[in-house]
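Hydrogens, waters and symmetry mates play no part in the numbers below; they use all other heavy atoms, side chains included.
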Amino acid sequence: MSQVSEQQRLEDKKDLNRFGYAQELLRSMGGFSNFAISFSVISILTGAVSLYGHGLLYGGPGMMGFGWPLVALFVILVAASMAELASAIPTAGALYHWASLLGNKRWGWYTAWINLIGQIGIVAGIDYSVALFADPLLASVFGYTSNDTTILIVFAIILLSHGILNHVGIKLVAKFNDISAWYHIIIVAVLVVSLAFFTNSGLKPLDYIFQVGQTFSDKPYAFAFLIGLLQAQWTFTGYDASAHTIEETINPRIRAPWGIFTSVAYSFVFGFIMLVFVTLSIQDASAAAGASNAFIYVITEALGGTFGNILLWLVTLAMWFCGLSSITSFSRMMYAFSRDKGMPFSKQWAEISRKFRTPAKAIWLAVILSFILAAIDYILKLINPDNTVGTIVFMTAISVVGLYVAYGIPMLLRLVAQAKGKFQPKHLGPWNLGKYGRLINVISLLWIVFISVLMVIPPNQNAGYALIGMFILLILMDLLYYNKHFEGPQAALKTSMKDILKREKELES
């Protein structure tokens with residue numbers, strides 16, 4: 001088995017060399033570990049839980065019955081399109097390299113920066129979600145009052161713990177990710193069984209989760225339902241983590257695509273089961289929607305204080321695992337971009353720790369940038385205390401738009417390249433969609449455009465303003481940095497899809 005593994009590692013190394021890169025990162029992740037990192041970043045016990053109140057407030061119980069499956073259906077198509085590209089171009093730059101090879105280096109540069117914006121939002125959003133759950137629980141233990149300041153402090157501590165563990169090494173993080181995947185499934189099972197058999201007032205009839213027309217907002221129901229889709233849409237983000245760790249995965253052309261696709265599919269199934277039982281256990285939907293944390297309110301009311309608190313601690317730990325994986329993905333993206341001199345001070349962020357063989361400085365930059373985003377929102381709230389948009393909604397909307405626009409760019413470029421005959425079936429990897437690839441790409445792009453607009457219109461306009469500011473900064477970066485420093489990714493400079501295919505045939509012969 002070890003000989004087979006070493007032979008596969010050698011083949012993977014040669015494959016990476018064809019794209020112009022040396023094997024610097026430790027290639028030790030198996031198929032389950034690659035799946036686990038995306039499954040952990042998606043984390044149904046983070047997205048679906050932390051934004052449960054958002055979904056309930058706007059879409060009522062019908063948001064869980066119809067909104068979750070609706071979003072999942074389209075996201076599975078997006079994931080399939082991304083998986084196909086990961087199999088064709090197995091480098092850690094992922095979206096950035098795909099865009100560069102299928103378009104040009106400028107497309108790659110913008111894709112990388114837009115992805116970076118989304119990554120900041122998702123890391124900040126995940127760890128802030130952990131803080132939102134952990135701080136009230138800690139406050140009840142230590143007797144202090146939870147507020148925005150204490151939440152920010154807990155958020156900083158959580159980020160620090162994730163930075164340290166990622167710094168130490170991918171082997172340890174991979175083990176945590178493996179644990180996390182099983183842990184998520186086990187906790188969902190415990191939660192479901194507890195709600196099914198021990199709910200104080202029993203469960204509502206199953207058709208309750210399919211009731212539409214009830215909103216606790218001041219918006220017309222159809223529009224409110226669309227706003228509530230943020231709950232599911234944010235949950236299904238970050239599965240590009242399997243592609244960002246592709247250079248650390250054994251047999252990546254097969255395992256990383258399956259990691260991307262199955263992480264979404266399994267998250268849909270387990271997430272839906274969980275949401276069904278949580279929603280059926282609601283005693284007073286209006287009170288739950290109006291609570292500061294709807295999920296905590298529902299679980300406490302359904303299971304009582306002590307038992308409910310134990311379950312909430314278990315859920316909080318699942319969120320912590322999610323944040324750990326998200327830092328891994330974010331740092332690898334910055335590492336890959338920086339080794340191509342795509343960021344200011346790139347030499348620093350592309351540096352690999354000799355002892356741990358991790359991109360240590362990129363890891364700590366990810367931590368710092370994520371904290372800055374939360375700190376900005378904290379300061380804005382001090383300036384304008386009447387701001388009713390929650391921090392978590394602000395962060396999650398930014399991450400959804402940033403990530404999905406970055407997901408969509410290489411898909412669009414793939415369609416253009418395909419129409420021009422530059423991307424053909426022979427360029428596909430072993431994991432591909434065959435004749436349905438083009439159709440699935442088109443549907444995926446239409447969904448991305450739809451949700452990107454939906455996530456930045458009122459009441460999420462603050463996220464729209466923040467994204468506009470970030471894009472203005474990106475244009476300035478283009479003028480001040482791009483032309484003088486960025487030479488493009490090695491894959492785009494030294495080769496093309498045609499060249500790679502030619503090299504592979506030469507090696508085979």
Side-chain angles (χ1 to χ4, degrees), residues 29-52 55 64 68-69 71-72 75-76 79 122-123 125-134 137 158 161-162 165-166 172-196 231-242 245 258-279 295-296 298-299 303 308-329 396 399:
M29 295 179 71
F32 184 79
S33 293
N34 185 277
F35 153 81
I37 191 168
S38 283
F39 187 70
S40 296
V41 174
I42 291 174
S43 181
I44 54 177
L45 289 170
T46 301
V49 165
S50 58
L51 286 179
Y52 184 80
M64 316 306 159
W68 182 267
V71 171
V75 172
I76 285 174
I122 196 170
V123 171
I126 290 169
D127 277 4
Y128 200 84
S129 296
V130 186
L132 283 175
F133 272 71
L137 293 171
I158 292 165
S161 70
H162 290 156
L165 286 171
N166 271 281
L172 180 60
V173 173
K175 287 179 181 178
F176 272 117
N177 286 331
D178 292 351
I179 294 169
S180 173
W182 288 112
Y183 183 83
H184 272 75
I185 295 170
I186 291 169
I187 297 307
V188 168
V190 170
L191 184 61
V192 166
V193 170
S194 299
L195 293 173
Q231 177 199 8
Q233 192 64 59
W234 184 61
T235 304
F236 293 112
T237 52
Y239 44 90
D240 53 319
S242 290
T245 53
W258 276 119
I260 293 170
F261 184 79
T262 56
S263 63
V264 173
Y266 281 109
S267 294
F268 159 61
V269 173
F270 288 108
F272 185 66
I273 293 170
M274 178 187 72
L275 288 174
V276 166
F277 281 90
V278 172
T279 305
F295 188 85
I296 290 179
V298 171
I299 298 303
L303 299 175
N309 278 343
I310 292 172
L311 270 177
L312 290 171
W313 273 113
L314 294 175
V315 170
T316 302
L317 180 58
M319 293 181 173
W320 183 89
F321 280 128
C322 174
L324 179 68
S325 302
S326 66
I327 289 285
T328 307
S329 175
T396 52
S399 65

- Set of ring pair (Phe, Tyr, Trp, His ring centres under 6.0 Å) partners for Tyr239, sequence neighbours left out: Tyr407
- Whether Phe176 and Trp320 hold their rings parallel, tilted or perpendicular, with breakpoints at 30° and 60°: perpendicular
- Check the pair Phe35, Phe261 against side chain to side chain contact (heavy atoms under 4.5 Å, CB included), reporting the backbone distance first and the verdict last. CA-CA 9 Å; Phe35 153 81; Phe261 184 79; over 6 Å; no
- State, without any angle test, whether His184 and Ser43 hold a side-chain donor-acceptor pair at a distance under 3.5 Å. yes
- Task: Answer with yes or no after comparing the ring centroid distance for Phe39 and Tyr266 against a 6.0 Å cut-off, counting only values under it.
- Result: no
- Message: Please find the pair of heavy atoms, one from Thr235 and one from Gly47, that lie closest to each other, and give the distance.
- Response: OG1-C, 3.1 Å
- Report the residues that fulfil ring pair (Phe, Tyr, Trp, His ring centres under 6.0 Å) with Phe236, sequence neighbours left out, ordered by chain and then residue number. Trp68
- Once you round to the nearest 0.5 Å, how far does CE of Met64 lie from CZ of Phe277? 15.5 Å
- Query: Shortest non-hydrogen contact from Pro69 to Phe268?
  - Reply: CA-CE1, 3.8 Å
- Message: Could you measure the distance from the OG atom of Ser329 to the CD1 atom of Ile122? Nearest 0.5 Å is fine.
- Response: 7.5 Å
Tabulate below the donor-acceptor pairs under 3.5 Å that side-chain atoms of residues 309-319 make, not counting sequence neighbours, or state none.
unit_1: Asn309; atom_1: ND2; unit_2: Gly305; atom_2: O; d: 3.3
unit_1: Thr316; atom_1: OG1; unit_2: Leu312; atom_2: O; d: 2.7

- Would Trp234 and Ser50 count as a side chain to side chain contact (heavy atoms under 4.5 Å, CB included) if you check the C-alpha gap in whole Å, the side-chain angles of each, and the deciding distance to 0.1 Å? CA-CA 10 Å; Trp234 184 61; Ser50 58; 3.4 Å; yes
- Which of these passes side chain to side chain contact (heavy atoms under 4.5 Å, CB included) with Leu195: Val298, Val190, Val278, Thr279? Val278
- Query: Judged by modelled atom types alone, do Ser33 and Asn177 share a side-chain donor-acceptor pair under 3.5 Å?
  - Reply: no
